[in-house]
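Quick notes on the structure that follows.
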Amino acid sequence: LPPGSCRAFWGWLNAVFNKVDHERIRAVGPDRAASEWLLRCGALVRYQGSPKWQQDYNGLPTGPLGKYKIEAISATDSCIMYRGFDYLDGLEHVTDIKLEKCMYIQDECLQRLSETSNLQKSLQQLKIISCGNVTDKGIIALHKLTNLEYLYLSDLPGIREKEMTFRVLQQALPNLELELDLE
């Protein structure tokens, strides 16, 4: 293999994993379809009323349509990317999202997250850690998440205007607890 072709292959495969299948969402419901997307990409999900994180794609629980509602998403070292974010639109119960070491997460993803009306209602906690493509613009976009109570930001070298960025957020979300671990 020529150098760089392996990375190109994985980039292509990751793009395939993130392709939204609207038929599937209709067939199995938004929570099941999103679970499949997230697990395919290496993320974990936790359902309402369960302490257990789902990590095995083949071990996803089956049951009546809509029985399992995603409450938390933990995306560490996952390949979730912008094109897959349509899967989040139908989720109504997500209170907690962690994005850590996600190479495809950039400002557009955070803007998309904050414009998702169900997440504006449900999301209470968000952690963004070691996502090198996130800048101030993406963090400021989070101001639309009106019910966000806790935001943890760590190891984000793309954030350059810390004071201004956090001032904007705190003005927009006065009840937000902001925890920072930034250089």
Are Lys127 and Glu100 ion-paired here, with the side-chain N under 4.0 Å from a carboxylate O? no

When you group the ILVMFWY residues by side-chain heavy-atom contacts below 4.5 Å and let the links chain together, are [Y] and [X] in the same group?
X: Leu13; Y: Tyr57; answer: no
X: Leu173; Y: Ile128; answer: yes
X: Leu142; Y: Ile159; answer: yes
X: Ile97; Y: Trp53; answer: no
X: Ile73; Y: Ile25; answer: yes

Atom pair [atom1]/[atom2] of [X] and [Y] - distance to nearest 0.5 Å:
X: His143; Y: Thr165; atom1: NE2; atom2: OG1; result: 12.5 Å
X: Leu123; Y: Asp96; atom1: CG; atom2: CG; result: 7.5 Å
X: Ile70; Y: Arg32; atom1: CD1; atom2: CZ; result: 10.5 Å
X: Lys121; Y: Thr95; atom1: NZ; atom2: OG1; result: 15.5 Å
X: Asn14; Y: Arg40; atom1: CG; atom2: CZ; result: 11.5 Å
X: Tyr82; Y: Gln111; atom1: OH; atom2: CD; result: 8.0 Å

Any side-chain heavy atom of [X] within less than 4.5 Å of one from [Y]?
X: Asn118; Y: Asp89; answer: no
X: Leu126; Y: Leu145; answer: yes
X: Cys109; Y: Arg112; answer: no
X: Arg160; Y: Asp136; answer: yes
X: Val134; Y: Ile139; answer: yes
X: Ile80; Y: Leu38; answer: yes
X: Glu177; Y: Glu149; answer: no
X: Val45; Y: Asp31; answer: no

Measure from the side-chain N and O atoms of [X] to the backbone N and O of [Y], and report whether any donor-acceptor pair falls under 3.5 Å.
X: Gln120; Y: Ser114; answer: yes
X: Arg24; Y: Gly29; answer: no
X: Asn133; Y: Met103; answer: yes
X: Asn147; Y: Gln124; answer: no

Of the non-hydrogen atoms in [X] and [Y], which two are nearest, and what is the gap between them?
X: Ala43; Y: Ser78; result: N-CB, 3.8 Å
X: Cys102; Y: Cys131; result: N-SG, 3.8 Å
X: Asn18; Y: Met81; result: OD1-N, 2.9 Å
X: Lys69; Y: Gly66; result: CE-O, 3.2 Å
X: Ser122; Y: Glu92; result: CB-O, 3.7 Å
X: Leu180; Y: Phe166; result: CD1-CE1, 3.5 Å

May I ask you to check whether Tyr47 and Ser35 show a side-chain donor-acceptor distance below 3.5 Å? yes

May I ask you to check whether Ser50 and Arg46 show a side-chain donor-acceptor distance below 3.5 Å? no

Under 30°, 30 to 60°, or over 60°: which ring-plane class applies to Phe85 and Trp37, parallel, tilted or perpendicular? perpendicular

Tracing side-chain contacts under 4.5 Å among Ile, Leu, Val, Met, Phe, Trp and Tyr outward from Val168 reaches Ile140, Met164

Residues clustered with Tyr150, ILVMFWY side-chain links under 4.5 angstrom: Ile129, Tyr152

Start with the C-alpha gap between Leu88 and Leu113, add the side-chain angles, then the distance that decides, and say whether side chain to side chain contact (heavy atoms under 4.5 Å, CB included) holds. CA-CA 8 Å; Leu88 298 173; Leu113 203 68; 3.7 Å; yes

For a side chain to side chain contact (heavy atoms under 4.5 Å, CB included) check, start with the C-alpha distance between Val20 and Arg83, then their side-chain angles and the critical distance, and finish with the verdict. CA-CA 7 Å; Val20 177; Arg83 67 184 295 187; 5.9 Å; no

